[in-house]
Amino acid sequence: MTSDFQPKSDFLRVLSERGFIHQCSDFAGLDEKARNGRITAYVGYDCTAPSLHIGNLISAMMLHWLQQTGHRPITLMGGGTTRVGDPSGKDETRKLLTVEQIEANKNGIKGVFSKLLHYSPDGNGAIMVDNAEWLTKLNYIDMLRDIGRHFSINRMLSMDSVKLRLDREQELSFIEFNYMILQSYDFVELSRNYDCCLQMGGSDQWGNIVNGVDLGRRMGSQQLYALTTPLLTTASGAKMGKTASGAVWLNADMFSPYEYWQFWRNTEDADVSRFLKLFTLLPLDEIAKLSALGGAEINEAKKVLATEATALLHSRAAADEAAETARQTFEQGGAAETLPTIIIPAAELADGLGVLAAFVTAGLVASTGEARRLIQGGGLRVNDEAVSDPRSTLDPTLLRDGAIKLSMGKKKHVLLKAE
């Protein structure tokens, strides 16, 4: 966002103050429109997995603040575009899913939005729409004539989502090449049917979004606007949202509230202030006080970040339980019952379970080779005792209150139970 532009609308002022804004197609025009009346804006979510991940959360939070400042959000489900696959940021063609898989994924991700938005057909109540409603009804010849004629192949080839794949001599299928046309058309449909004038998304979507703005102009829509967030990375430059065990999912059945709490608790010191603004609802003056903490006190700010972010997504009770589990585990050295738990057959433990295999099964390491290297450095523990022999086994004598506590480092713990 340009440093000399000072938003007058509550919507852009809040997004600016909390660090959500990267690019906008027309700051002054959008600010004026948001200041003079209620606007409708959308973010699109393809249904490629049963849950959204942490990378999707920043745009969902933009929709939250949009609604909080009096405007109407649309969550667009990509029941149609998921059948094609977005090439943006991808090095290879996305696996095509069946209609049944897409529907199952769509149902899996719907629940997250109800935590952040209020849905209602009235006022500024959020609405959920599926682009399959119009994309699956398009006639190919009509689409080429009415929509495709507005797209320049020269310009499409210059888009990052296409150019990067071609520059790397990686295959880009014709179906993926069409994705930006379909996303652009979504914007036009939402403008026509829901008076939507703004599309928001991550910075990697900039090309697709401004294509929609241009298509709307060519097809006689109202003035449309594009607004994107910065690329979400940590202070050390790493892509945010990845852990040793994989993506940070937003659904509790794929990434537990305790794991989610721990993810935020492990935030780098330099990221605490930024993440408090982006991923919690705390007032800015309270965030400023937390951000001013230094030295060991910064850990208290991290705990607040973890608890507030978890409460927002999983409920206050789940956040408090996760915080208490962490306190018992780290401050008292206990094995709280709410730690992540895996169950193995009792016979497997009775026969003696190899310690390397146990840590792989628990998901704390990716391979026995990694476990062996960590043992050499004293990084793995069983019941808070360092493992020294990679050939050792676990048996029922190690059970404490019905479980064996496996730990990697100081912050990752899993309970192993036998049934």
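Just so we're clear, the structure is a prediction, and the values are computed from it rather than from any experiment. Side chains included, hydrogens not; waters and symmetry mates left out as well; all remaining heavy atoms used. Residues: numbered from 1 along the sequence shown.
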- prompt: Going through the checks in order, is the salt bridge (charged side-chain N to carboxylate O under 4.0 Å, His left out) test met by Asp285 and Lys289?
  reply: CA-CA 7 Å; Asp285 56 351; Lys289 293 176 184 176; 5.6 Å; no
Nearest 0.5 Å please: distance from the [atom1] atom of [X] over to the [atom2] atom of [Y].
X	Y	atom1	atom2	result
Leu117	Met128	CG	CE	8.0 Å
Tyr225	Ile209	OH	CD1	15.5 Å
His71	Ile39	NE2	CD1	5.0 Å
Glu189	Met219	CD	CE	8.0 Å
Glu32	Asp26	CD	CG	10.5 Å
His150	Asn211	NE2	CG	12.5 Å

Criterion salt bridge (charged side-chain N to carboxylate O under 4.0 Å, His left out) on Glu321 and Arg316, from CA distance to verdict: CA-CA 9 Å; Glu321 182 178 308; Arg316 178 65 60 182; over 6 Å; no
I'd like to know if the side chain of [X] pairs up with that of [Y] as donor and acceptor (distance under 3.5 Å, no hydrogens or angles considered).
X	Y	answer
Ser407	His413	yes
Asn107	Glu103	no
Asn193	Trp134	no
Tyr258	Thr310	no
Gln183	Gln199	yes
Ser367	Glu370	no
Asp146	Tyr185	no

message: With a 6.0 Å cut-off (strictly less than), is the heavy-atom count around NZ of Lys106, excluding the residue itself, greater than 12?
response: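 Counting other residues, nucleotides and ligands, NZ of Lys106 exceeds 12 neighbours.
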- request: Answer yes or no: are there more than 12 heavy-atom neighbours, outside Lys115 itself, under 6.0 Å from its atom NZ?
  value: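 Yes, NZ of Lys115 has more than 12 neighbouring heavy atoms, counting only those of other groups under 6.0 Å.
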- request: Evaluate salt bridge (charged side-chain N to carboxylate O under 4.0 Å, His left out) for Arg72 paired with Asp195, printing each intermediate quantity in order.
  value: CA-CA 10 Å; Arg72 183 172 68 156; Asp195 194 31; over 6 Å; no
Using ring centroids (six-membered ring only for Trp), state whether [Y] and [X] fall under 6.0 Å.
X	Y	result
Tyr42	Phe187	yes
Phe113	Tyr45	yes
Tyr260	Trp249	no

- prompt: Does a side-chain N-to-carboxylate-O contact under 4.0 Å join Arg13 and Asp31?
  reply: no
query: What is the minimum heavy-atom distance between Trp264 and Leu305, and which atoms define it?
result: O-CD2, 3.9 Å
query: How far apart are the closest heavy atoms of His314 and Leu250, and which atoms are they?
result: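 Answer, listing the atom of His314 first, then Leu250: CE1-O, 3.4 Å.
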- request: Assess whether side-chain contact (heavy atoms from CB on, under 4.5 Å) is satisfied between Arg381 and Val387, documenting all intermediate values.
  value: CA-CA 5 Å; Arg381 299 191 309 283; Val387 179; 5.6 Å; no
- request: Output, in order, the C-alpha distance, side-chain angles, deciding distance and verdict of side-chain contact (heavy atoms from CB on, under 4.5 Å) for Trp65 and Phe11.
  value: CA-CA 7 Å; Trp65 291 114; Phe11 169 54; 5.6 Å; no
message: Has Asp130 got a side-chain atom pairing as donor or acceptor with Ala132's backbone, closer than 3.5 angstrom?
response: yes
